[in-house]
Amino acid sequence: MVNRSFAVHGTLQICIEPNLMVIRARGPANTEMVLQYQREVNEYRLQLCGKPWASLTILSGEPLLPPEASGMLVESIKQAENMSLVATAVVFDDVQYKAVSEQFWEGIYQRTSLKHAFSMMNKKRKHGYGKKLPTHKAKSRLTLQ
């Protein structure tokens with residue numbers, strides 16, 4: 001990694017519920033944002049890692065990363081798998097370039113063994129997390145055992 005000092009681009013919110021980590025992120029993001037994510041996410045993972053857990057990632061804006069940051073995120077996901085993460089659902093909410101974004105994130109998850117599914121937020125019925133989310137078609141079904 002190159003030594004440099006850039007401001008963080010993008011926004012990030014993380015919270016947990018029993019057996020679930022919820023990550024909200026808005027891009028575009030840079031390597032510094034992934035470094036911030038890695039620092040923040042570890043404390044939440046430690047709280048969940050005693051038994052199988054899943055993550056819900058809600059992405060908005062332009063949820064893309066530079067190549068260096070993408071590689072760092074792949075390693076971070078692999079680390080989470082070693083801490084009992086069993087599946088993730090990625091919801092694209094108000095995302096520009098939806099097809100490009102899904103292709104980008106599919107490329108990241110294909111470099112891991114994590115079960116994953118993608119969905120688009122229904123623009124007609126937006127809900128915050130904690131309220132009933134609209135039903136979406138997903139490419140695959142995720143189940144926790």
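Scope of the values below: all heavy atoms of this structure, side chains included, with no hydrogens, waters or symmetry mates.
Here the side chain of S76 pairs no donor or acceptor atom with the backbone of M72 at under 3.5 angstrom. Although no hydrogens or angles enter the test, the distance criterion places a donor-acceptor pair under 3.5 Å between the side chain of T88 and the main chain of S55. The closest donor-acceptor contact from the side chain of D93 to the backbone of I58 lies at 3.5 Å or more, if one exists at all. A donor-acceptor pair under 3.5 Å links the side-chain atoms of W53 to the main chain of M83, judged by distance alone.
Here the shortest heavy-atom pairing between M33 and G10 reads CE-O, 2.9 Å. In this structure, F104 and S70 approach most closely via the heavy-atom pair CZ-OG, 3.2 Å. In this structure, N30 and A7 approach most closely via the heavy-atom pair ND2-O, 2.7 Å. Considering all non-hydrogen atoms of both residues, S84 and C49 come closest at OG-O, 3.1 Å. Smallest separation of non-hydrogen atoms from L59 and V90: CD1-CG1, 3.6 Å. Shortest non-hydrogen contact noted between A87 and L114 is N-CD1, 3.5 Å.
Under the 4.5 Å side-chain criterion, counting only non-hydrogen atoms from C-beta, P52 is not in contact with N19.
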Between M120 and E102, is a side chain to side chain contact (heavy atoms under 4.5 Å, CB included) present by the stated rule, with each step listed?
-> CA-CA 10 Å; M120 297 289 174; E102 185 172 334; 4.0 Å; yes
Test Q79 against Q38 for side chain to side chain contact (heavy atoms under 4.5 Å, CB included), laying out the working first.
-> CA-CA 10 Å; Q79 179 186 37; Q38 288 176 328; over 6 Å; no
Yes or no on side chain to side chain contact (heavy atoms under 4.5 Å, CB included) for M21 and V41, after CA distance, side-chain angles and deciding distance?
-> CA-CA 9 Å; M21 180 183 299; V41 77; 3.4 Å; yes
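There is a side-chain donor-acceptor pair under 3.5 Å between H116 and E106.
Rounded to the nearest 0.5 Å, atoms CD1 (I16) and CD (Q47) are 3.5 Å apart. The distance from atom OG1 of T112 to atom CG of L85, rounded to the nearest 0.5 Å, is 8.5 Å. From L65, atom CG reaches atom OG1 of T31 across 8.0 Å, with rounding to the nearest 0.5 Å.
With salt bridges taken as basic N to acidic carboxylate O contacts below 4.0 Å, none links E81 and K78.
Classification of the W105-Y109 ring pair by plane angle, with boundaries at 30° and 60°, yields tilted.
Within a 6.0 Å radius of CD in E43, more than 12 heavy atoms belonging to other residues, nucleotides or ligands are found. Counting heavy-atom neighbours within 6.0 Å of E40 CD, excluding the residue itself, gives a total above 12.
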